[in-house]
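All remarks here apply to the structure that follows.
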Protein chains: 2
Amino acid sequence: MELRHLHAFVAVAEERSFSRAATRLRVAQSAVSRTVQALERELGLPLFERSRHYVELTKTGHATLDSARAALAAAEAVRDAARQPCPAACPQPSTTPR
Amino acid sequence: MELRHLHAFVAVAEERSFSRAATRLRVAQSAVSRTVQALERELGLPLFERSRHYVELTKTGHATLDSARAALAAAEAVRDAARQPCPAACPQPSTTPR
DNA sequence: CAGTGTTACGGACGTCGTAAAAATC
DNA sequence: GATTTTTACGACGTCCGTAACACTG
């Protein structure tokens with residue numbers, strides 16, 4: 001599983017459309033389709049109910065959506081945590097040149 | 001940022017060694033080195049203080065480690081969430097027109 | 001000199017975008 | 001008939017492992 005998969009999944013779920021999700025993600029529709037397929041294949045369960053003109057979350061998809069958002073948020077938190085040094089006192093190893 | 005980066009980062013932090021982390025992750029040492037480098041480059045901050053024989057977390061590394069673990073756990077949670085349908089009541093999208 | 005991390009190189013795998021096809025409304 | 005998703009294909013990029021290198025203790 002990769003963050004890219006989750007991004008695609010959430011985008012499709014929110015847009016209820018592969019093409020709109022692709023626009024939002026700035027990639028081709030086919031890329032979104034393949035990425036979601038890969039995630040479904042990895043989970044072994046379908047996440048979307050596809051008809052030609054409608055996309056809908058399956059039961060599994062609903063159950064997964066919140067966790068996916070949480071995981072993406074957690075990844076963002078990593079970025080933020082790196083930017084902000086420890087609030088109080090953190091042992092700073094003096095910059096030793098290699 | 002990718003989950004692979006975080007896995008490598010956490011492994012090195014816990015093992016305090018690139019080579020041991022590589023063994024745990026079942027990849028070559030060079031792969032771990034490059035992966036951590038990529039993460040540091042993306043964050044724009046060093047995560048480890050490297051001497052030839054010792055690896056130590058920088059201040060930034062310390063601040064980041066917990067978030068990284070949390071993100072990995074969140075990714076695992078996605079997998080679990082997919083397996084378990086909604087605990088109570090979940091709207092089953094049999095035919096919910098948009 | 002033994003052990004560790006980094007860099008170079010070559011190959012393999014994956015992903016992308018374009019384009020064509022299938023199917024629904 | 002228009003729109004949307006999926007699949008095929010070719011090209012590009014990325015990542016890996018091996019191996020050589022640099023350096024520390």
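A, B, ... follow the sequence lines: proteins, then strands. Residue 1 opens every chain. Any value given below was found using the heavy atoms of this structure, including those in side chains, with hydrogens, waters and symmetry copies removed.
Between A:L25 atom CG and D:dT5 atom P the separation is 13 Å, expressed in whole Å. In this entry the distance linking CG of B:L3 with P of D:dC15 reads 14 Å, nearest Å. The distance from atom NE2 of B:H5 to atom C1' of D:dT14 is 10 Å, rounded to the nearest whole Å. With rounding to whole Å, A:R4 atom CZ is found 17 Å from D:dG13 atom P. Rounded to whole Å, atom C1' of C:dA23 lies 14 Å from atom OH of A:Y54. Atom C1' of nucleotide D:dT4 and atom CZ of A:F48 are separated by 15 Å, given to the nearest angstrom. In this entry the distance linking CZ of B:F18 with P of D:dA22 reads 20 Å, nearest Å. Computed from coordinates, the A:E56 CD to D:dT4 P distance equals 17 Å when rounded to whole Å.
Judged by distance alone with a 3.5 Å cut-off, no donor-acceptor contact links the side chain of A:H53 to the base of D:dT4.
The two residues B:A75 and A:A71 make their nearest non-hydrogen contact at N-CB, 4.0 Å.
Residue B:E2 has its side chain nearest to D:dC15 when only D:dC15, D:dT5, C:dC25 are considered.
Considering CZ of A:R34 and CZ of A:R41, their distance stands at 11.5 Å, rounded to 0.5 Å. To the nearest 0.5 Å, the span separating NE2 on B:H62 from CD on B:E56 amounts to 7.5 Å.
Applying the 4.0 Å criterion to OP1 and OP2 of D:dT6, one finds that A:R50 has a side-chain N or O inside that range.
In this structure, A:V55 and A:R20 have side chains that are not in contact, with every pair of non-hydrogen atoms separated by 4.5 Å or more. Considering only heavy atoms from C-beta on, A:T35 stays 4.5 Å or farther from A:F9 through its side chain.
Nearer to the 5' terminus of DNA chain C, by closest-nucleotide assignment, is the contact made by B:S19 (compared with the other of B:S19 and A:S51).
Salt-bridge annotation for B:R79 and A:E42: present, with a side-chain N of the basic residue lying under 4.0 Å from a carboxylate O of the acidic one. One finds a salt bridge joining A:D66 and A:R69 here, because a Lys/Arg side-chain nitrogen approaches an Asp/Glu carboxylate oxygen to under 4.0 Å.
Within residues 26-38 of chain A, the residues having any heavy atom closer than 4.0 Å to DNA chain D are, in order of number, A:S30, A:S33, A:R34, A:Q37.
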